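Inspection log for the structure reproduced underneath, given as structure tokens.
Note that the coordinates shown come from a computational prediction; the quantities given were computed from them, not determined experimentally.
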Amino acid sequence: MELSITQPDDWHLHLRDGDVLKAVVSHSAHHFGRAIVMPNLKPPITTTAAAVAYREAILKSLPVDSDFNPLMTLYLTDTTSPMEIKLARESQVVFGVKLYPAGATTNSQDGVTDLFGKCLPVLQEMVEHNMPLLVHGEVTNPEVDMFDREKVFIETVLRPLVQKFPQLKVVMEHVTTIDAVKFVESCTEGFVAATVTPQHLVLNRNSLFQGGLQPHNYCLPVLKREIHREALVSAVTSGSKRFFLGTDSAPHDRRRKECSCGCAGIYNAPVALSVYAKVFEKENALDKLEAFTSFNGPDFYGLPRNNSKIKLSKTPWKVPESFSYASGDIIPMFAGEMLDWLPAPL
């Protein structure tokens, strides 16, 4: 069996920098036409000038024949100015502003501490310039259970935000719960959408502990109960335009994952399309795969769909055990396992 679909885009991607960037960017460029690139570097990408420079570094790291287009983002802080939003829109290389609640995930310590108290002028400017807000939707209050942080964020931050700024385009990134699905579906179509990762479609929280602690299945937001995974599968295979592909592929050196205090993040760029295809096949929804991977994202962002095509072949292939780079190696999702669908450019 073969499928030909419009080339997908990745609407949530971590490429890092330095040697890791050089090691991983080709995996995304091989499958995706564009990607929304996350800004949580050290130091974070907080200005348009920094975003332009980071984009140049990505382009220099690509294979010589690649047409991959990195779509840049700014890292929202308590001190981001409305003028920076104007500069970002005028740059034509910045396509979103990322909200990290301070301390929510990797390199988020410089994130927002008081969204409604310190960021209202910036949010209003984003409405004026039709600049999407990309949200890591978890509260960071240590008194809130880790598995409830997305649900609490929706009720205490996201719902009030959408009510206050109904014209603000919001992407709730890497949703993990039935609560998030219901919230997105309740909002005005075209203003609130969500990305969904491959890991949250095929793994539940048992995958963190079966056979011992599994550090390469640890990500944030953390994997949830089976009922939540099932709700995500139903959402993405329903044909709804509100959900689209965002891998949240997040490479870390093996030593930073397999240690006493391991990093959050799953490196799925080499396998993401294969996993998505398997999910849609299992639900007898392969006819809806192209919209999820290739149409809903650009339509929400107001960008043209890609003209190129890729082929997905029902051909078993083995995921590499690791990917080496100058100072270590990175373990991919499903390392060493067999997958069913093999993507290739047409």
Side-chain angles (χ1 to χ4, degrees), residues 8-12 34 36 71 73-74 76 80 82 85-86 88-89 94-101 104 112 115-117 119-139 149-197 200-201 221 228 231-246 248 285 288-305:
D9 301 302
D10 186 348
W11 299 97
H12 184 127
R34 297 166 289 197
I36 287 281
L71 310 178
T73 60
L74 297 187
L76 185 64
T80 301
I85 303 304
K86 184 174 184 293
R89 177 52 79 197
V94 175
F95 291 86
V97 176
K98 183 61 184 274
L99 167 60
Y100 289 107
V112 171
L115 182 66
F116 295 109
C119 298
L120 292 185
V122 169
L123 295 171
Q124 185 59 52
E125 192 74 11
M126 290 173 63
V127 173
E128 296 297 324
H129 291 282
N130 198 32
M131 180 70 77
L133 180 69
L134 318 180
V135 178
H136 183 111
E138 293 187 290
V139 297
R149 291 184 174 185
E150 183 170 280
K151 179 180 180 179
V152 173
F153 183 90
I154 292 169
E155 296 307 318
T156 61
V157 179
L158 201 50
R159 194 180 302 279
L161 174 68
V162 170
Q163 291 170 349
K164 190 172 186 65
F165 295 97
Q167 300 301 304
L168 177 66
K169 292 179 79 79
V170 176
V171 181
M172 190 176 183
E173 300 198 296
H174 44 48
V175 293
T176 66
T177 61
I178 191 171
D179 309 277
V181 169
K182 289 180 177 179
F183 172 75
V184 171
E185 290 175 339
S186 74
C187 294
T188 303
E189 187 173 296
F191 287 97
V192 178
T195 59
V196 186
T197 76
H200 290 108
L201 290 174
H228 297 295
L232 296 178
V233 171
S234 295
V236 303
T237 60
S238 69
S240 171
K241 297 178 181 179
R242 303 169 190 264
F243 302 93
F244 43 85
L245 185 158
D248 193 20
K288 298 182 176 68
L289 176 66
E290 186 176 34
F292 173 77
T293 62
S294 311
F295 296 162
N296 297 347
D299 291 355
F300 182 84
Y301 276 85
L303 296 172
R305 297 173 179 179

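Under the side-chain contact (heavy atoms from CB on, under 4.5 Å) criterion, A235 pairs with V181, F243, not counting sequence neighbours. With sequence neighbours excluded, no residue forms a salt bridge (Lys or Arg N to Asp or Glu O under 4.0 Å) with E185. S238 meets the side-chain contact (heavy atoms from CB on, under 4.5 Å) test with S240; sequence neighbours excluded. Contacts of D10 classified as salt bridge (Lys or Arg N to Asp or Glu O under 4.0 Å), with partners at least two apart in sequence or in another chain: none. Residues meeting the side-chain contact (heavy atoms from CB on, under 4.5 Å) test with E128, sequence neighbours left out: Q124. Residues passing the side-chain hydrogen bond (donor to acceptor under 3.5 Å, both in side chains) test with T177, sequence neighbours excluded: E150. For E125, there are no salt bridge (Lys or Arg N to Asp or Glu O under 4.0 Å) partners two or more places apart in sequence or in a different chain. With sequence neighbours excluded, the residues satisfying side-chain hydrogen bond (donor to acceptor under 3.5 Å, both in side chains) with T80 are T77. Scanning for ring-ring contact (aromatic ring centres under 6.0 Å, His included) contacts around Y301 gives W11, with sequence neighbours left out. Not counting sequence neighbours, the partners of R305 by the side-chain contact (heavy atoms from CB on, under 4.5 Å) test are F295, P298, D299. Remark: H136 engages E138, H174 in a side-chain hydrogen bond (donor to acceptor under 3.5 Å, both in side chains) (not counting sequence neighbours).
L133 has its side chain within reach of L161: a pair of non-hydrogen atoms, C-beta onward, lies under 4.5 Å apart. V192 has its side chain within reach of V162: a pair of non-hydrogen atoms, C-beta onward, lies under 4.5 Å apart. Counting heavy atoms from C-beta on, the side chains of I154 and K182 never come closer than 4.5 Å. The closest side-chain heavy-atom distance from V184 to R242 is below 4.5 Å. Taking 4.5 Å as the limit, every side-chain heavy atom of V196 sits out of range of all side-chain heavy atoms of L245. Put simply, the side chain of V112 reaches to within 4.5 Å of the side chain of C119, judged on heavy atoms. Between F300 and V171 there is a side-chain heavy-atom pair separated by less than 4.5 Å.
For A88 against M131, the heavy-atom pair with the smallest separation is CB-CE, 3.9 Å. Here the closest non-hydrogen pair linking P82 and V122 is N-CG2, 3.9 Å. Pairing each heavy atom of L99 with each of F153, the nearest pair is CD2-CZ, 4.3 Å. Taking both residues in full, the closest heavy atoms of P160 and V157 are given as CD-O, 3.4 Å, listed atom of the first, atom of the second, then distance.
Here L123 contributes atom CG and F165 contributes atom CZ; the two are 5.0 Å apart, rounded to the nearest 0.5 Å. Note that the CG atom of L158 and the CG atom of D179 stand 12.0 Å from one another [nearest 0.5 Å]. Remark: T73 OG1 to F95 CZ distance equals 11.5 Å, nearest 0.5 Å. The OG1 atom of T195 sits 8.0 Å away from the CZ atom of F292 when rounded to the nearest 0.5 Å. Distance check: L74 CG to I85 CD1 gives 6.0 Å after rounding to the nearest 0.5 Å. Here CZ of R159 is found 5.0 Å from OG of S186. Values are rounded to the nearest 0.5 Å.
A 6.0 Å sphere centred on NZ of K241 holds no more than 12 heavy atoms belonging to other residues, nucleotides or ligands.
Evaluation of the salt bridge (Lys or Arg N to Asp or Glu O under 4.0 Å) test over residues 160-176, restricted to residues two or more places apart or in two chains, returns K98-E173.
Counting only distance, with no hydrogens or angles, the side chain of D248 and the backbone of T197 share no donor-acceptor pair below 3.5 Å. Although no hydrogens or angles enter the test, the distance criterion places no donor-acceptor pair under 3.5 Å between the side chain of R34 and the main chain of D9.
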T237 and K288: CA distance, side-chain angles, deciding distance, side chain to side chain contact (heavy atoms under 4.5 Å, CB included) verdict: CA-CA 6 Å; T237 60; K288 298 182 176 68; 5.5 Å; no
